[in-house]
Amino acid sequence: MKIRDHKKSYFIVFLIGMVMGILCRLTDFLPYEESLWSFPSVATLFGFWSERFFSGGQFQTNLFLVYSVLSVACGIGSYVLYFWNRQNVFNSFLYALPAGGMLAEAAACLIVLCNRHMLLAQTIFDLAVGMAFGIGMYRKAYHKMLYIGTVIAAGALVFLLVYQPFLLNGW
């Protein structure tokens, strides 16, 4: 699918992203099991099945809704930032953030997969989406080297600050 440089094209991509995000969040309702595929929370290593999202054995719908609203806000913010910086060196930095974040989560999932033999579906999903973001955004980046450097730096920082502490606490 070729994305033309029109507001309508980017709005369609935004809507597709929102639908995919909602579908991923709906996997939070699947029962948690320690199996190779482990479908719950397919798009986040933390998942809503962890203790902070359950209270008394019940799924916290209000927290699910807050995270859903935040994802919409992030999508709108990204849409605005793209148009603000589309022919600017800063777009290379902004484009690299989602790819770096997804690849950091993919690395964390790969560690869980190797150590605990679970989260195969999520590892595949994160790698595929991280690579799709990485390649797709690379093509649009104004400054390619800044983009590559930011993907590496953002991925490393997200892994070290977010995922490594999580992995050290029992994963």
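Here the structure is a predicted model, which means the values were calculated and not measured. The figures here come from the full heavy-atom set of this structure, side chains too, leaving out hydrogens, waters and symmetry mates.
At a threshold of 4.5 Å between side-chain heavy atoms, the hydrophobic network of Ile, Leu, Val, Met, Phe, Trp and Tyr places Y163 and I111 in one connected group. The hydrophobic clustering, which links ILVMFWY residues whose side-chain heavy atoms are closer than 4.5 Å, places L167 and M118 together. L113 and I124 fall within a single hydrophobic cluster, where Ile, Leu, Val, Met, Phe, Trp and Tyr are joined by side-chain heavy atoms under 4.5 Å apart, directly or via other members.
Looking at heavy atoms from C-beta onward, L15 lies out of side-chain contact with V19 at the 4.5 angstrom threshold. Between R139 and Y95 the shortest side-chain heavy-atom distance does not fall below 4.5 Å.
Annotation for K140 and N91: closest pair O-ND2, 3.7 Å, computed over non-hydrogen atoms. Heavy-atom minimum distance, H143 versus S92: N-OG, 2.7 Å. For D126 against C109, the heavy-atom pair with the smallest separation is OD2-SG, 3.4 Å.
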Would you tabulate the side-chain donor-acceptor contacts of residues 148-160 under 3.5 Å, counting partners in other chains and residues two or more places apart, or write 'none'?
| unit_1 | atom_1 | unit_2 | atom_2 | d |
| --- | --- | --- | --- | --- |
| T150 | OG1 | L146 | O | 2.7 |

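A distance of 12.0 Å separates CG in L110 from CD in E105, rounded to the nearest 0.5 Å. The CG atom of L97 sits 9.5 Å away from the OH atom of Y147 when rounded to the nearest 0.5 Å.
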